[in-house]
Amino acid sequence: VTYSVVNEKINVLAVFKNGTVFPYIFSWKEDKKRVEKVNLSYQERAGGSINYYFAVESRGFIGKLKYNNESMVWTLEEVWVE
Amino acid sequence: MKNRQILHIDMNSFFATAEQQANPVLRGKPLGVKGSKAKRTILAATSIEAKRLGIKTGFLAHEAKEACPEINIVTGEPRKYSYILTQLVNIFEKYSDKVEIFSIDECFIDVTNSANLFADKKTKDKPQVPNNIKIKNSNISELNSNLKFKISNYGGSINIANLIKGDIKREIGEWMTCSIGIAENKFLAKLGSDLEKPDGLVIITDENKDEILLGCDLGDFCGIGKRINNRLRKMNIYNVNDLRAASDCSLQKEFGVYGLKIKRWAFGIDNSEITPHQFQKEAKSFSKSRTLNKNTTSKKELKRNLYLLCEVLGANMRSERYWGDTIGLWLRYSSFSGFGKGSKIKKWTCDGYEIFKYSATILDGVELKQPVRAIGVWVSGVQPEKNIPRVFFPEDKLNEEIIQTIDAVNDKYGELTLIRASTCAMKLKEVVSGMGRKKIISREQKFNY
(Lines give C-alpha, C1' and ligand atoms only; values in the text may rest on other atoms or scores of the structure.)
Protein backbone atom coordinates (compact mmCIF):
# COMPACT_ATOMS: atom_id res chain seq x y z
CA VAL A 1 0.00 0.00 0.00
CA THR A 2 1.43 3.38 -0.95
CA TYR A 3 0.40 6.73 0.40
CA SER A 4 0.67 9.59 -2.12
CA VAL A 5 0.67 13.04 -0.64
CA VAL A 6 -1.58 15.22 -2.82
CA ASN A 7 -2.38 18.37 -0.76
CA GLU A 8 -4.66 19.88 -3.43
CA LYS A 9 -7.55 22.21 -2.76
CA ILE A 10 -10.75 20.59 -4.03
CA ASN A 11 -14.42 21.44 -4.40
CA VAL A 12 -16.71 19.49 -2.12
CA LEU A 13 -20.43 19.21 -1.72
CA ALA A 14 -20.84 18.63 2.00
CA VAL A 15 -23.61 17.99 4.47
CA PHE A 16 -23.73 19.98 7.70
CA LYS A 17 -25.99 18.25 10.20
CA ASN A 18 -26.35 18.45 13.99
CA GLY A 19 -23.06 20.27 14.44
CA THR A 20 -21.09 17.89 12.26
CA VAL A 21 -19.90 18.08 8.69
CA PHE A 22 -19.51 15.25 6.19
CA PRO A 23 -18.25 15.29 2.60
CA TYR A 24 -20.86 14.05 0.13
CA ILE A 25 -19.39 14.56 -3.36
CA PHE A 26 -15.97 15.92 -4.31
CA SER A 27 -14.22 16.56 -7.58
CA TRP A 28 -10.63 15.70 -8.32
CA LYS A 29 -8.85 15.43 -11.66
CA GLU A 30 -12.07 16.39 -13.44
CA ASP A 31 -13.81 13.41 -11.91
CA LYS A 32 -16.75 13.67 -9.54
CA LYS A 33 -16.52 11.19 -6.70
CA ARG A 34 -19.43 10.35 -4.46
CA VAL A 35 -18.30 9.48 -0.94
CA GLU A 36 -19.65 6.01 -0.32
CA LYS A 37 -18.23 5.66 3.14
CA VAL A 38 -16.37 7.71 5.71
CA ASN A 39 -14.19 5.07 7.34
CA LEU A 40 -12.85 7.34 10.08
CA SER A 41 -13.21 10.96 11.01
CA TYR A 42 -11.20 12.97 13.50
CA GLN A 43 -10.20 16.53 14.19
CA GLU A 44 -7.41 18.64 15.60
CA ARG A 45 -6.96 22.22 16.64
CA ALA A 46 -4.73 24.21 14.29
CA GLY A 47 -3.99 27.59 15.79
CA GLY A 48 -7.36 29.27 16.21
CA SER A 49 -9.16 26.97 13.80
CA ILE A 50 -10.05 23.28 13.63
CA ASN A 51 -9.05 20.82 10.94
CA TYR A 52 -11.55 18.04 10.32
CA TYR A 53 -10.15 14.90 8.67
CA PHE A 54 -12.12 12.26 6.79
CA ALA A 55 -10.76 8.94 5.56
CA VAL A 56 -13.12 8.32 2.65
CA GLU A 57 -13.93 5.62 0.14
CA SER A 58 -15.43 6.07 -3.32
CA ARG A 59 -15.61 3.26 -5.89
CA GLY A 60 -12.18 1.87 -5.16
CA PHE A 61 -10.72 5.31 -4.41
CA ILE A 62 -9.42 5.65 -0.86
CA GLY A 63 -8.01 8.88 0.51
CA LYS A 64 -8.01 11.52 3.18
CA LEU A 65 -9.84 14.84 3.01
CA LYS A 66 -9.32 17.84 5.27
CA TYR A 67 -11.71 20.68 6.02
CA ASN A 68 -10.55 23.82 7.81
CA ASN A 69 -13.42 25.62 9.53
CA GLU A 70 -11.77 29.03 9.39
CA SER A 71 -10.67 29.17 5.76
CA MET A 72 -13.59 26.90 4.73
CA VAL A 73 -11.19 25.17 2.36
CA TRP A 74 -11.33 21.46 1.55
CA THR A 75 -8.06 19.71 0.75
CA LEU A 76 -7.38 16.26 -0.64
CA GLU A 77 -4.42 15.38 1.54
CA GLU A 78 -3.52 11.83 0.56
CA VAL A 79 -4.51 9.09 -1.82
CA TRP A 80 -3.92 5.51 -0.78
CA VAL A 81 -3.23 2.98 -3.50
CA GLU A 82 -2.78 -0.77 -3.20
CA MET B 1 -19.81 -3.05 51.63
CA LYS B 2 -21.18 -3.51 48.12
CA ASN B 3 -18.91 -5.58 45.85
CA ARG B 4 -17.29 -3.35 43.30
CA GLN B 5 -17.72 -3.98 39.58
CA ILE B 6 -14.84 -2.69 37.52
CA LEU B 7 -14.39 -2.87 33.75
CA HIS B 8 -10.99 -2.63 32.12
CA ILE B 9 -11.14 -1.82 28.43
CA ASP B 10 -8.10 -2.42 26.28
CA MET B 11 -8.25 -1.35 22.64
CA ASN B 12 -6.67 -4.15 20.61
CA SER B 13 -3.50 -3.06 18.75
CA PHE B 14 -4.92 0.44 18.99
CA PHE B 15 -2.77 2.50 16.60
CA ALA B 16 -2.64 -0.25 13.98
CA THR B 17 -6.37 -0.95 14.19
CA ALA B 18 -7.11 2.77 13.85
CA GLU B 19 -5.00 2.86 10.68
CA GLN B 20 -6.82 -0.21 9.36
CA GLN B 21 -10.11 1.47 10.20
CA ALA B 22 -9.10 4.53 8.16
CA ASN B 23 -7.80 2.51 5.23
CA PRO B 24 -9.69 -0.72 4.45
CA VAL B 25 -6.89 -1.85 2.10
CA LEU B 26 -4.73 -2.45 5.19
CA ARG B 27 -7.28 -4.66 6.92
CA GLY B 28 -6.46 -8.29 7.51
CA LYS B 29 -2.82 -7.67 6.59
CA PRO B 30 0.30 -7.36 8.72
CA LEU B 31 0.79 -3.69 9.54
CA GLY B 32 3.31 -1.73 11.55
CA VAL B 33 2.86 1.84 12.72
CA LYS B 34 6.11 3.73 13.02
CA GLY B 35 6.74 6.78 15.11
CA SER B 36 8.30 9.01 12.50
CA LYS B 37 9.39 9.21 8.90
CA ALA B 38 12.98 8.69 10.01
CA LYS B 39 14.54 5.56 8.54
CA ARG B 40 15.58 4.05 11.87
CA THR B 41 12.37 4.57 13.75
CA ILE B 42 10.80 1.77 15.77
CA LEU B 43 7.32 0.34 15.39
CA ALA B 44 5.08 1.94 17.99
CA ALA B 45 2.34 -0.60 17.26
CA THR B 46 1.71 -3.65 15.12
CA SER B 47 -1.54 -5.13 13.90
CA ILE B 48 -2.99 -8.39 15.17
CA GLU B 49 -1.93 -10.02 11.87
CA ALA B 50 1.67 -8.82 12.29
CA LYS B 51 1.77 -10.06 15.87
CA ARG B 52 0.74 -13.50 14.65
CA LEU B 53 3.83 -13.43 12.41
CA GLY B 54 6.04 -12.52 15.36
CA ILE B 55 6.42 -8.81 14.53
CA LYS B 56 5.90 -6.94 17.74
CA THR B 57 5.95 -3.39 19.05
CA GLY B 58 9.50 -2.13 19.44
CA PHE B 59 10.90 -3.73 16.30
CA LEU B 60 12.98 -1.38 14.17
CA ALA B 61 10.95 -0.61 11.04
CA HIS B 62 13.58 -1.91 8.64
CA GLU B 63 14.10 -5.05 10.73
CA ALA B 64 10.37 -5.75 10.60
CA LYS B 65 10.46 -5.35 6.82
CA GLU B 66 13.36 -7.78 6.55
CA ALA B 67 11.65 -10.33 8.80
CA CYS B 68 8.30 -9.97 7.06
CA PRO B 69 8.57 -8.42 3.55
CA GLU B 70 4.79 -8.32 3.08
CA ILE B 71 4.28 -6.06 6.10
CA ASN B 72 2.89 -2.58 5.40
CA ILE B 73 4.47 0.17 7.45
CA VAL B 74 2.74 3.50 7.89
CA THR B 75 3.65 6.61 9.85
CA GLY B 76 1.47 7.11 12.88
CA GLU B 77 -0.81 10.12 13.34
CA PRO B 78 -0.96 10.96 17.05
CA ARG B 79 -3.80 13.46 16.53
CA LYS B 80 -5.92 10.59 15.19
CA TYR B 81 -5.36 8.44 18.27
CA SER B 82 -5.86 11.31 20.72
CA TYR B 83 -9.17 12.16 19.10
CA ILE B 84 -10.34 8.54 19.16
CA LEU B 85 -9.46 8.40 22.89
CA THR B 86 -11.73 11.41 23.42
CA GLN B 87 -14.52 9.60 21.56
CA LEU B 88 -13.93 6.47 23.65
CA VAL B 89 -14.15 8.38 26.93
CA ASN B 90 -17.41 9.97 25.74
CA ILE B 91 -18.77 6.48 25.08
CA PHE B 92 -17.65 5.16 28.48
CA GLU B 93 -19.18 8.12 30.28
CA LYS B 94 -22.59 7.05 29.03
CA TYR B 95 -22.33 4.15 31.47
CA SER B 96 -20.55 5.63 34.48
CA ASP B 97 -19.18 8.90 35.77
CA LYS B 98 -16.07 7.11 37.04
CA VAL B 99 -13.79 6.65 34.02
CA GLU B 100 -10.04 6.51 34.55
CA ILE B 101 -7.72 6.91 31.58
CA PHE B 102 -4.94 4.39 32.22
CA SER B 103 -3.10 5.00 28.95
CA ILE B 104 -3.96 6.15 25.44
CA ASP B 105 -5.59 2.78 24.70
CA GLU B 106 -6.77 1.58 28.11
CA CYS B 107 -9.42 2.79 30.53
CA PHE B 108 -11.01 1.59 33.77
CA ILE B 109 -14.69 2.15 34.43
CA ASP B 110 -16.33 1.69 37.83
CA VAL B 111 -19.89 0.55 37.12
CA THR B 112 -20.72 -0.52 40.69
CA ASN B 113 -23.51 2.02 40.97
CA SER B 114 -24.73 1.97 37.40
CA ALA B 115 -24.63 -1.76 36.53
CA ASN B 116 -28.13 -2.35 37.89
CA LEU B 117 -29.53 0.20 35.47
CA PHE B 118 -28.36 -1.98 32.59
CA ALA B 119 -29.27 -5.40 34.00
CA ASP B 120 -32.10 -7.23 32.22
CA LYS B 121 -35.16 -7.71 34.40
CA LYS B 122 -35.32 -11.33 33.24
CA THR B 123 -31.72 -11.86 34.30
CA LYS B 124 -32.42 -10.56 37.77
CA ASP B 125 -35.19 -13.13 38.35
CA LYS B 126 -33.68 -16.05 36.51
CA PRO B 127 -29.95 -15.83 35.94
CA GLN B 128 -29.08 -16.10 32.27
CA VAL B 129 -25.55 -15.76 31.02
CA PRO B 130 -24.75 -15.33 27.36
CA ASN B 131 -22.97 -18.39 25.99
CA ASN B 132 -20.43 -16.41 24.02
CA ILE B 133 -18.67 -15.21 27.15
CA LYS B 134 -15.37 -16.93 27.73
CA ILE B 135 -13.49 -17.41 30.91
CA LYS B 136 -9.85 -18.23 30.41
CA ASN B 137 -10.44 -20.15 27.21
CA SER B 138 -13.34 -22.14 28.67
CA ASN B 139 -16.80 -21.66 27.34
CA ILE B 140 -19.28 -20.54 29.96
CA SER B 141 -21.48 -23.56 29.27
CA GLU B 142 -18.74 -25.80 30.65
CA LEU B 143 -18.68 -24.04 33.97
CA ASN B 144 -20.59 -25.18 36.98
CA SER B 145 -23.99 -23.78 37.79
CA ASN B 146 -22.72 -22.07 40.93
CA LEU B 147 -20.28 -20.00 38.91
CA LYS B 148 -23.01 -19.28 36.37
CA PHE B 149 -25.12 -17.90 39.17
CA LYS B 150 -22.25 -15.80 40.49
CA ILE B 151 -21.61 -14.42 37.04
CA SER B 152 -25.24 -13.45 36.79
CA ASN B 153 -24.49 -10.90 39.52
CA TYR B 154 -22.39 -9.24 36.84
CA GLY B 155 -25.36 -9.20 34.41
CA GLY B 156 -25.45 -5.41 34.29
CA SER B 157 -21.69 -5.16 33.79
CA ILE B 158 -21.77 -7.75 31.02
CA ASN B 159 -24.54 -5.81 29.28
CA ILE B 160 -22.53 -2.59 29.64
CA ALA B 161 -19.47 -4.32 28.17
CA ASN B 162 -21.46 -5.53 25.17
CA LEU B 163 -23.07 -2.11 24.72
CA ILE B 164 -19.63 -0.48 24.77
CA LYS B 165 -18.34 -2.88 22.13
CA GLY B 166 -21.36 -2.02 19.96
CA ASP B 167 -20.99 1.73 20.53
CA ILE B 168 -17.31 1.63 19.55
CA LYS B 169 -18.12 -0.12 16.29
CA ARG B 170 -21.01 2.21 15.52
CA GLU B 171 -19.50 5.53 16.58
CA ILE B 172 -15.81 5.04 15.67
CA GLY B 173 -15.67 2.23 13.15
CA GLU B 174 -16.53 -1.40 12.50
CA TRP B 175 -12.89 -2.54 12.53
CA MET B 176 -12.21 -1.24 16.05
CA THR B 177 -12.24 -3.95 18.69
CA CYS B 178 -11.49 -4.06 22.39
CA SER B 179 -10.94 -6.65 25.08
CA ILE B 180 -12.83 -6.13 28.29
CA GLY B 181 -12.12 -7.58 31.72
CA ILE B 182 -14.75 -7.46 34.45
CA ALA B 183 -13.88 -8.05 38.09
CA GLU B 184 -14.21 -6.66 41.59
CA ASN B 185 -11.00 -4.63 41.40
CA LYS B 186 -8.71 -2.91 38.92
CA PHE B 187 -5.92 -5.48 39.10
CA LEU B 188 -8.19 -8.42 38.24
CA ALA B 189 -10.12 -6.47 35.60
CA LYS B 190 -6.83 -5.62 33.86
CA LEU B 191 -5.68 -9.22 34.12
CA GLY B 192 -9.00 -10.33 32.63
CA SER B 193 -8.78 -8.07 29.60
CA ASP B 194 -5.29 -9.44 28.87
CA LEU B 195 -6.51 -13.05 28.85
CA GLU B 196 -8.62 -12.97 25.73
CA LYS B 197 -7.44 -11.01 22.70
CA PRO B 198 -8.70 -9.73 20.38
CA ASP B 199 -12.31 -8.79 21.10
CA GLY B 200 -12.45 -10.70 24.39
CA LEU B 201 -14.79 -10.45 27.35
CA VAL B 202 -13.55 -12.12 30.52
CA ILE B 203 -15.20 -12.08 33.92
CA ILE B 204 -13.16 -12.92 36.99
CA THR B 205 -15.22 -13.82 40.05
CA ASP B 206 -14.36 -15.12 43.52
CA GLU B 207 -14.97 -18.62 42.17
CA ASN B 208 -12.59 -18.62 39.21
CA LYS B 209 -10.09 -16.11 40.60
CA ASP B 210 -7.69 -18.68 42.05
CA GLU B 211 -7.71 -20.86 38.96
CA ILE B 212 -6.85 -17.84 36.80
CA LEU B 213 -4.23 -16.39 39.13
CA LEU B 214 -2.41 -19.69 39.60
CA GLY B 215 -2.34 -20.19 35.84
CA CYS B 216 -0.57 -16.85 35.30
CA ASP B 217 3.11 -16.09 35.14
CA LEU B 218 4.25 -13.33 37.46
CA GLY B 219 5.16 -11.32 34.38
CA ASP B 220 1.47 -11.32 33.39
CA PHE B 221 0.70 -9.08 36.34
CA CYS B 222 0.46 -5.41 35.47
CA GLY B 223 3.14 -3.88 37.69
CA ILE B 224 5.61 -6.75 37.55
CA GLY B 225 8.00 -6.00 34.75
CA LYS B 226 11.24 -7.70 33.76
CA ARG B 227 13.34 -6.08 36.46
CA ILE B 228 10.98 -6.84 39.34
CA ASN B 229 10.52 -10.36 38.00
CA ASN B 230 14.30 -10.86 37.97
CA ARG B 231 14.55 -9.60 41.54
CA LEU B 232 11.76 -11.97 42.56
CA ARG B 233 13.62 -14.85 40.92
CA LYS B 234 16.68 -13.99 42.94
CA MET B 235 14.47 -14.41 46.00
CA ASN B 236 13.43 -17.86 44.67
CA ILE B 237 9.96 -16.61 43.81
CA TYR B 238 9.12 -18.09 40.43
CA ASN B 239 5.33 -18.30 40.38
CA VAL B 240 2.17 -17.05 42.03
CA ASN B 241 2.23 -19.80 44.65
CA ASP B 242 5.78 -18.84 45.64
CA LEU B 243 4.72 -15.20 45.89
CA ARG B 244 1.78 -16.11 48.10
CA ALA B 245 4.10 -18.07 50.39
CA ALA B 246 6.82 -15.40 50.54
CA SER B 247 7.22 -13.63 53.86
CA ASP B 248 6.00 -10.05 54.13
CA CYS B 249 9.29 -9.19 55.78
CA SER B 250 11.50 -10.35 52.92
CA LEU B 251 9.29 -8.71 50.28
CA GLN B 252 9.21 -5.45 52.19
CA LYS B 253 12.96 -5.57 52.64
CA GLU B 254 13.49 -5.97 48.89
CA PHE B 255 10.74 -3.75 47.47
CA GLY B 256 9.50 -1.62 50.36
CA VAL B 257 5.72 -1.14 50.57
CA TYR B 258 5.45 -2.23 46.93
CA GLY B 259 6.46 -5.76 48.02
CA LEU B 260 3.32 -6.06 50.14
CA LYS B 261 1.26 -4.75 47.27
CA ILE B 262 2.46 -7.38 44.81
CA LYS B 263 1.86 -10.09 47.41
CA ARG B 264 -1.76 -8.92 47.72
CA TRP B 265 -2.04 -9.15 43.93
CA ALA B 266 -1.09 -12.84 44.16
CA PHE B 267 -4.33 -13.30 46.13
CA GLY B 268 -6.28 -11.07 43.73
CA ILE B 269 -6.57 -8.26 46.27
CA ASP B 270 -6.37 -4.67 45.11
CA ASN B 271 -8.07 -1.82 46.90
CA SER B 272 -6.95 0.96 44.59
CA GLU B 273 -9.71 3.34 43.62
CA ILE B 274 -10.74 4.50 40.19
CA THR B 275 -9.55 8.06 39.71
CA PRO B 276 -11.96 9.76 37.32
CA HIS B 277 -10.00 11.37 34.51
CA GLN B 278 -11.17 14.83 35.54
CA PHE B 279 -9.24 14.35 38.80
CA GLN B 280 -6.24 12.40 37.54
CA LYS B 281 -2.90 13.52 38.89
CA GLU B 282 -1.22 16.46 37.34
CA ALA B 283 1.91 15.98 35.27
CA LYS B 284 5.14 15.23 37.13
CA SER B 285 7.48 15.83 34.23
CA PHE B 286 7.60 16.64 30.54
CA SER B 287 9.98 15.05 28.07
CA LYS B 288 10.76 14.88 24.39
CA SER B 289 13.15 12.60 22.55
CA ARG B 290 14.02 11.42 19.08
CA THR B 291 16.09 8.78 17.35
CA LEU B 292 18.60 10.48 15.05
CA ASN B 293 18.63 9.76 11.34
CA LYS B 294 22.15 8.42 11.73
CA ASN B 295 24.49 7.82 14.64
CA THR B 296 26.72 10.77 15.36
CA THR B 297 29.51 11.93 17.63
CA SER B 298 29.15 15.55 16.50
CA LYS B 299 28.08 17.75 19.38
CA LYS B 300 27.01 20.41 16.91
CA GLU B 301 24.60 17.97 15.31
CA LEU B 302 23.38 16.82 18.72
CA LYS B 303 22.79 20.41 19.82
CA ARG B 304 20.81 21.12 16.69
CA ASN B 305 18.47 18.25 17.50
CA LEU B 306 18.44 19.19 21.16
CA TYR B 307 17.41 22.75 20.39
CA LEU B 308 14.41 21.60 18.37
CA LEU B 309 13.35 19.17 21.09
CA CYS B 310 13.63 21.94 23.70
CA GLU B 311 11.51 24.37 21.70
CA VAL B 312 8.75 21.79 21.29
CA LEU B 313 9.03 20.73 24.93
CA GLY B 314 8.76 24.36 26.08
CA ALA B 315 5.73 24.91 23.83
CA ASN B 316 4.06 21.77 25.27
CA MET B 317 4.69 22.94 28.83
CA ARG B 318 3.31 26.38 28.13
CA SER B 319 0.23 25.03 26.39
CA GLU B 320 -0.49 22.95 29.52
CA ARG B 321 0.54 25.85 31.78
CA TYR B 322 3.38 24.12 33.62
CA TRP B 323 6.80 25.35 34.73
CA GLY B 324 9.72 23.25 35.96
CA ASP B 325 12.95 23.73 37.86
CA THR B 326 14.93 20.59 36.97
CA ILE B 327 16.32 20.00 33.50
CA GLY B 328 17.82 16.77 32.27
CA LEU B 329 19.37 15.24 29.21
CA TRP B 330 19.72 11.64 28.11
CA LEU B 331 21.64 10.02 25.30
CA ARG B 332 21.39 6.52 23.90
CA TYR B 333 24.56 5.23 22.34
CA SER B 334 24.85 2.92 19.35
CA SER B 335 25.39 0.01 21.75
CA PHE B 336 22.02 0.86 23.35
CA SER B 337 23.75 1.77 26.60
CA GLY B 338 22.84 5.20 27.84
CA PHE B 339 23.73 8.35 29.68
CA GLY B 340 21.38 10.53 31.69
CA LYS B 341 21.87 13.52 33.92
CA GLY B 342 19.60 16.15 35.37
CA SER B 343 20.21 19.20 37.47
CA LYS B 344 18.10 21.59 39.42
CA ILE B 345 18.28 25.15 38.15
CA LYS B 346 17.82 28.25 40.24
CA LYS B 347 14.67 29.43 38.54
CA TRP B 348 11.38 28.21 37.14
CA THR B 349 11.12 27.95 33.39
CA CYS B 350 8.98 26.81 30.49
CA ASP B 351 11.07 28.61 27.89
CA GLY B 352 12.50 26.29 25.26
CA TYR B 353 15.63 28.41 24.89
CA GLU B 354 16.31 28.30 28.65
CA ILE B 355 15.77 24.53 28.66
CA PHE B 356 18.18 24.28 25.76
CA LYS B 357 20.87 26.38 27.46
CA TYR B 358 20.91 24.18 30.56
CA SER B 359 20.67 20.86 28.72
CA ALA B 360 23.40 21.96 26.27
CA THR B 361 25.65 22.64 29.27
CA ILE B 362 25.11 19.06 30.39
CA LEU B 363 25.91 17.87 26.86
CA ASP B 364 29.11 19.93 26.86
CA GLY B 365 30.27 18.01 29.92
CA VAL B 366 29.76 14.59 28.35
CA GLU B 367 32.67 12.77 26.79
CA LEU B 368 31.17 10.90 23.85
CA LYS B 369 32.85 7.52 23.79
CA GLN B 370 30.48 6.05 21.24
CA PRO B 371 28.24 7.44 18.49
CA VAL B 372 24.84 8.61 19.74
CA ARG B 373 21.68 7.16 18.20
CA ALA B 374 18.98 8.95 20.23
CA ILE B 375 18.70 12.06 22.35
CA GLY B 376 16.11 13.26 24.83
CA VAL B 377 15.46 16.14 27.18
CA TRP B 378 13.18 16.35 30.19
CA VAL B 379 11.93 18.91 32.66
CA SER B 380 10.87 17.67 36.07
CA GLY B 381 9.89 19.24 39.36
CA VAL B 382 7.02 20.77 37.46
CA GLN B 383 4.31 22.92 38.98
CA PRO B 384 1.16 24.45 37.55
CA GLU B 385 1.69 28.03 36.46
CA LYS B 386 -0.60 29.34 39.20
CA ASN B 387 1.86 28.07 41.88
CA ILE B 388 4.90 29.77 40.37
CA PRO B 389 6.10 33.04 41.92
CA ARG B 390 5.98 35.88 39.43
CA VAL B 391 9.26 37.25 38.10
CA PHE B 392 10.55 40.61 39.27
CA PHE B 393 13.67 41.26 37.22
CA PRO B 394 13.03 43.44 34.16
CA GLU B 395 14.92 41.15 31.76
CA ASP B 396 12.93 38.10 32.90
CA LYS B 397 9.70 40.06 32.68
CA LEU B 398 10.54 41.10 29.13
CA ASN B 399 11.42 37.52 28.17
CA GLU B 400 8.11 36.28 29.60
CA GLU B 401 6.22 38.87 27.61
CA ILE B 402 8.05 37.88 24.43
CA ILE B 403 7.21 34.21 24.97
CA GLN B 404 3.58 35.05 25.66
CA THR B 405 3.42 37.04 22.44
CA ILE B 406 5.08 34.25 20.44
CA ASP B 407 2.61 31.74 21.89
CA ALA B 408 -0.36 33.96 21.12
CA VAL B 409 0.75 34.29 17.49
CA ASN B 410 1.54 30.58 17.16
CA ASP B 411 -1.78 29.66 18.77
CA LYS B 412 -3.62 31.68 16.20
CA TYR B 413 -1.59 30.97 13.09
CA GLY B 414 -0.08 27.54 13.85
CA GLU B 415 2.96 26.05 15.52
CA LEU B 416 6.34 27.76 14.91
CA THR B 417 4.90 30.61 12.87
CA LEU B 418 7.11 32.91 14.95
CA ILE B 419 10.59 31.58 15.59
CA ARG B 420 13.82 32.88 17.07
CA ALA B 421 15.89 35.07 14.79
CA SER B 422 18.89 32.88 15.50
CA THR B 423 17.21 30.00 13.69
CA CYS B 424 15.82 31.87 10.65
CA ALA B 425 18.73 30.94 8.42
CA MET B 426 18.09 27.26 8.84
CA LYS B 427 16.52 25.26 6.07
CA LEU B 428 13.16 23.87 7.15
CA LYS B 429 12.36 20.23 6.90
CA GLU B 430 9.20 18.68 8.30
CA VAL B 431 9.53 15.62 10.47
CA VAL B 432 7.27 13.92 12.98
CA SER B 433 8.63 13.64 16.47
CA GLY B 434 8.11 10.10 17.72
CA MET B 435 4.60 9.37 18.85
CA GLY B 436 4.39 12.80 20.47
CA ARG B 437 1.40 14.92 19.80
CA LYS B 438 2.94 17.62 17.73
CA LYS B 439 4.87 17.97 14.55
CA ILE B 440 8.14 19.76 14.77
CA ILE B 441 10.14 21.46 12.14
CA SER B 442 13.76 20.45 11.98
CA ARG B 443 16.21 22.89 10.59
CA GLU B 444 19.23 21.97 8.59
CA GLN B 445 22.33 23.89 7.58
CA LYS B 446 23.39 26.77 9.84
CA PHE B 447 22.85 26.52 13.51
CA ASN B 448 23.56 29.47 15.73
CA TYR B 449 22.57 29.91 19.32
Side-chain angles (χ1 to χ4, degrees), chain A residues 1-9 12 15 17-23 26 28 33-82, chain B residues 14-34 37 47 70-88 90 168-169 171-176 315 319 406-418 430 437-439:
Chain A
V1 179
T2 49
Y3 286 63
S4 308
V5 178
V6 180
N7 268 338
E8 274 179 35
K9 285 182 186 178
V12 176
V15 178
K17 192 180 172 186
N18 296 331
T20 57
V21 55
F22 279 98
F26 65 95
W28 184 55
K33 296 184 187 295
R34 188 171 171 273
V35 175
E36 286 161 353
K37 199 175 172 199
V38 175
N39 287 310
L40 189 71
S41 62
Y42 51 97
Q43 53 186 262
E44 71 162 349
R45 206 175 143 257
S49 61
I50 298 173
N51 285 331
Y52 294 84
Y53 296 91
F54 303 91
V56 298
E57 231 181 304
S58 169
R59 279 177 293 147
F61 171 95
I62 302 171
K64 184 164 75 178
L65 307 182
K66 180 176 89 177
Y67 171 69
N68 181 280
N69 72 337
E70 193 177 60
S71 63
M72 294 206 283
V73 168
W74 284 87
T75 312
L76 175 61
E77 286 226 311
E78 289 175 358
V79 175
W80 305 333
V81 189
E82 192 169 13
Chain B
F14 182 45
F15 299 165
T17 311
E19 294 302 333
Q20 289 175 320
Q21 177 59 48
N23 185 353
V25 174
L26 299 171
R27 296 181 191 175
K29 294 174 182 165
L31 172 71
V33 180
K34 61 181 181 178
K37 288 171 184 165
S47 66
E70 70 269 30
I71 193 170
N72 285 299
I73 295 179
V74 299
T75 306
E77 250 189 300
R79 62 190 173 199
K80 191 184 286 172
Y81 317 133
S82 297
Y83 186 72
I84 294 175
L85 175 65
T86 312
Q87 288 179 297
L88 288 169
N90 288 341
I168 290 173
K169 286 191 184 293
E171 292 179 29
I172 301 174
E174 73 279 13
W175 196 256
M176 305 297 293
S319 72
I406 290 173
D407 285 346
V409 172
N410 289 344
D411 264 357
K412 186 164 174 60
Y413 296 103
E415 200 179 332
L416 298 172
T417 303
L418 266 189
E430 199 176 41
R437 283 169 298 169
K438 293 188 176 177
K439 277 188 176 178

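Chain identifiers are assigned alphabetically (A, B, ...) following the order of the sequence lines, protein sequences preceding nucleic acid strands; residue numbering begins at 1 within each chain.
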Inset, instruction - Could you check if a side-chain atom of B:Glu77 sits within less than 4.5 angstrom of a side-chain atom of A:Glu44, using non-hydrogen atoms only? - result: no
Inset, instruction - Counting only heavy atoms closer than 4.5 Å, note whether B:Ile73 contacts chain A via side chain, backbone, both or neither. - result: neither
Inset, instruction - Please report the closest heavy-atom contact between B:Pro24 and A:Glu57, naming both atoms and the distance. - result: CG-OE1, 3.3 Å
Inset, instruction - Grab the two heavy atoms, one from B:Ile172 and one from A:Leu40, that are nearest each other, plus how far apart they are. - result: O-CD1, 3.8 Å
Legend entry - Atom group of A:Phe54 that falls short of 4.5 Å from chain B, counting heavy atoms: neither
Legend entry - Nearest atoms (heavy-atom pairs only) where B:Ala22 meets A:Ala55: O-CB, 3.4 Å
Inset, instruction - Enter the distance from B:Arg79:CZ to A:Arg45:CZ here, rounded to the nearest 0.5 Å. - result: 14.5 Å
Legend entry - Part of B:Asn23 within contact of chain A (heavy atom distance under 4.5 Å): both
Inset, instruction - I would like to know whether A:Asn39 and B:Arg27 meet side chain to side chain contact (heavy atoms under 4.5 Å, CB included); could you show each step before the answer? - result: CA-CA 12 Å; A:Asn39 287 310; B:Arg27 296 181 191 175; 3.7 Å; yes
Inset, instruction - Just give me the residue among B:Val409, B:Leu31, B:Val74 that pairs up with chain A most often, heavy atom to heavy atom, under 4.5 Å. - result: B:Val74
